[in-house]
Visitor: 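Encoded as C-alpha cells, here's the structure I'll be asking about.
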Amino acid sequence: TLILGDNIFFGTSLQSQIIEATSANQGATIFTSWVRDPERYGVMHFDGQGNPVSIIEKPKQRQSHWAVTGLYIYCSDVVQIAQTLKPSERGELEITDVNNAYLREGRLQVVRFGRGIAWLDTGTHESLLQASSFVQTVEARQGLRIACLEEIAFHKGFIGLDALRALATESANASSRSYLEAIIAEQAES
C-alpha cells in the first residue's frame with residue numbers, strides 16, 4: 001500500500017474499503033474521488049459501462065471529474081513494472097505510468113470514493129490551509145484526534161493499556177498527553 005505524503009483521507013467507511021480492496025487485489029487497486037478541478041490531478045476516464053479506459057496525468061481538456069487519489073494498493077510485481085518506466089516529459093517517473101501498465105494488463109481495480117470520504121490533497125498552499133482547517137474543525141467539534149497513532153494501536157490491540165500509559169507519560173506534548181490520559185480514563189470507567 002502506498003499513500004503519497006501530501007494526502008489526507010478521512011471517513012468512516014475508509015478502513016473497510018481499504019481492507020476489501022487489499023483482500024481482492026490481483027494486481028493494483030487505485031482510489032478515485034470526484035473533483036471540480038481535474039486538471040490538477042491524474043484523471044480516470046471511464047467508458048459508457050463504467051469500466052476504466054485510461055488515466056491521463058493533468059489533462060489539458062477534461063476527460064472526467066474522477067481524480068486518482070494518492071492511495072494505491074499493489075501486488076509484489078509492482079517493482080518489476082516500476083523498473084521498466086522511463087521518465088515522462090517532465091523528467092519524472094510517474095505513478096500514472098505504473099497504474100496504466102496494470103490497466104493495459106486488465107489487472108487494475110478502481111474504487112470510487114463516494115460522499116462521506118474526504119480526500120484532501122495538500123499540494124498547494126491553499127489546499128494545505130483547507131486541510132488544516134478541516135482537521136482543526138473535526139477535532140475541535142468531536143474532541144477526537146484524527147490519526148492518533150497511539151490511540152489506533154491501542155484500539156487495534158497492537159499495544160495494551162500499560163504501553164498506552166507509558167506513551168502518555170513519555171509524551172512531551174501536553175495536548176497529546178492529555179488526550180491519551182482521557183482515553184486511559186475512559187477505559188477505567190468501562
Side-chain angles (χ1 to χ4, degrees), residues 1-11 13-138 146-147 149:
T1 300
L2 172 67
I3 302 173
L4 300 183
D6 63 352
N7 286 264
I8 297 172
F9 297 90
F10 181 79
S13 67
L14 183 61
Q15 180 180 348
S16 61
Q17 287 184 333
I18 292 171
I19 290 170
E20 183 180 326
T22 303
S23 63
N25 190 18
Q26 298 295 316
T29 302
I30 63 173
F31 298 83
T32 61
S33 184
W34 182 271
V35 296
R36 74 176 159 74
D37 53 352
E39 64 280 355
R40 289 185 49 213
Y41 308 99
V43 175
M44 176 57 64
H45 178 64
F46 297 95
D47 66 17
Q49 287 74 45
N51 300 310
V53 174
S54 65
I55 305 168
I56 300 169
E57 188 64 31
K58 297 178 176 55
K60 297 205 183 329
Q61 293 186 338
R62 181 174 299 147
Q63 300 291 315
S64 141
H65 282 275
W66 289 99
V68 177
T69 70
L71 175 59
Y72 313 93
I73 299 172
Y74 297 109
C75 63
S76 61
D77 65 352
V78 69
V79 174
Q80 288 80 24
I81 290 173
Q83 289 172 336
T84 67
L85 297 181
K86 304 287 186 248
S88 68
E89 292 177 6
R90 300 185 313 163
E92 298 179 11
L93 297 177
E94 304 283 354
I95 194 79
T96 296
D97 292 336
V98 172
N99 296 329
N100 274 320
Y102 281 104
L103 180 60
R104 283 190 301 276
E105 294 173 5
R107 299 189 309 136
L108 181 70
Q109 176 184 351
V110 179
V111 176
R112 296 185 200 199
F113 284 144
R115 292 179 184 222
I117 299 288
W119 166 51
L120 308 169
D121 181 322
T122 62
T124 67
H125 296 297
E126 181 182 0
S127 61
L128 180 59
L129 180 59
Q130 290 169 348
S132 178
S133 295
F134 174 86
V135 169
Q136 192 278 331
T137 299
V138 170
I146 293 177
L149 299 181

Visitor: Kindly compute the distance separating CG (L4) from CD1 (I95), expressed to the nearest 0.5 Å.
Guide: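 Going from CG on L4 over to CD1 on I95, the span is 6.5 Å.
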Visitor: Atom CD of residue position E20 - does it have more than 12 heavy atoms of other residues, nucleotides or ligands inside 6.0 Å?
Guide: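 At most 12 heavy atoms, drawn from other residues, nucleotides or ligands, come within 6.0 Å of this atom.
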Visitor: Nearest 0.5 Å please: distance from the CD atom of Q80 over to the SG atom of C75.
Guide: 9.0 Å
Visitor: With a 3.5 Å distance limit and no angle check, can you tell me whether H45 reaches the backbone of V53 through a side-chain donor-acceptor pair?
Guide: no
Visitor: Could you report the tightest heavy-atom contact between A101 and I81, atom names first, then the distance?
Guide: CB-CG2, 3.8 Å
Visitor: Closer than 3.5 angstrom, by distance alone: can the side chain of T96 be matched with the main-chain N or O of G42 as a donor-acceptor pair?
Guide: no
Visitor: Would you say the ring centers of Y74 and Y102 fall short of 6.0 Å from each other?
Guide: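 Centroid distance Y74-Y102: below 6.0 Å, so yes.
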Visitor: If I compare all heavy atoms of R62 with all of P38, which pair ends up nearest, and what's the gap?
Guide: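 Looking at all heavy atoms of both residues, the shortest contact is NE-CG, 3.6 Å.
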Visitor: State whether the side chain of D121 and the backbone N or O of G123 hold a donor-acceptor pair below 3.5 Å, judged by distance alone.
Guide: yes
Visitor: What's the shortest heavy-atom distance between A67 and V35, and which atoms?
Guide: CB-CG2, 3.7 Å
Visitor: Tell me if a side-chain donor or acceptor on N100 pairs with a main-chain N or O of L103 at a distance below 3.5 Å.
Guide: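 Not a single qualifying donor-acceptor pair exists.
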Visitor: I need the minimum non-hydrogen distance between A21 and I73, along with the two atoms involved.
Guide: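 Result for this residue pair: CB-CD1, 3.9 Å.
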Visitor: For the residue pair S16 and S13, confirm or rule out a side-chain donor-acceptor distance under 3.5 Å.
Guide: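 Result is no, nothing qualifies.
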Visitor: How many angstroms lie between atom CZ of F9 and atom CD of Q15, to the nearest 0.5 angstrom?
Guide: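 It comes to 15.0 Å.
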Visitor: May I have the step-by-step check of side chain to side chain contact (heavy atoms under 4.5 Å, CB included) for L108 and I30, ending in yes or no?
Guide: CA-CA 7 Å; L108 181 70; I30 63 173; 3.9 Å; yes
Visitor: Look at the aromatic rings of F134 and F10 and report parallel, tilted or perpendicular, splitting at 30° and 60°.
Guide: perpendicular
Visitor: Please identify which of these residues, N7, L2, I18, T32, meets the side chain to side chain contact (heavy atoms under 4.5 Å, CB included) condition with L71.
Guide: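 Among the candidates, only I18 passes.
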Visitor: Quick one: closest heavy-atom pair of I55 and N99, and the distance?
Guide: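 That closest heavy-atom pairing would be CD1-CB, 3.5 Å.
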Visitor: Minimum heavy-atom separation for T122 and A131, please, with both atom names.
Guide: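 So the minimum-distance heavy-atom pair works out to CG2-CB, 3.5 Å.
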Visitor: Do F46 and V110 make a side-chain contact, defined as non-hydrogen atoms from C-beta onward lying under 4.5 Å apart?
Guide: yes
Visitor: Give the intermediate values and the outcome of side chain to side chain contact (heavy atoms under 4.5 Å, CB included) for residues S127 and R40.
Guide: CA-CA 12 Å; S127 61; R40 289 185 49 213; 4.0 Å; yes
Visitor: Would you say that more than 12 heavy atoms from the other residues, nucleotides or ligands in this model lie under 6.0 Å from the CD of E89, or not?
Guide: no
Visitor: So if I apply the ring-ring contact (aromatic ring centres under 6.0 Å, His included) rule between W119 and each of W66, Y41, F113, which one comes out positive?
Guide: Y41
Visitor: I56 and M44: side chain to side chain contact (heavy atoms under 4.5 Å, CB included), yes or no, with the steps?
Guide: CA-CA 7 Å; I56 300 169; M44 176 57 64; over 6 Å; no
Visitor: Taking only residues two or more places apart in sequence or in another chain, which ones pass salt bridge (Lys or Arg N to Asp or Glu O under 4.0 Å) with E94?
Guide: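 With neighbours one apart ignored, the set is R90.
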Visitor: Return the CD to OG distance between E57 and S54, rounded to the nearest 0.5 Å.
Guide: 12.0 Å
Visitor: Around atom CD of E105, are there more than 12 heavy atoms of other residues, nucleotides or ligands at under 6.0 Å?
Guide: yes
Visitor: Could you tell me whether D77 and R107 make a salt bridge, using a distance below 4.0 angstrom between a side-chain N and a carboxylate O?
Guide: yes
Visitor: To the nearest 0.5 Å, what is the distance between CD1 on I8 and CD1 on I146?
Guide: 7.5 Å
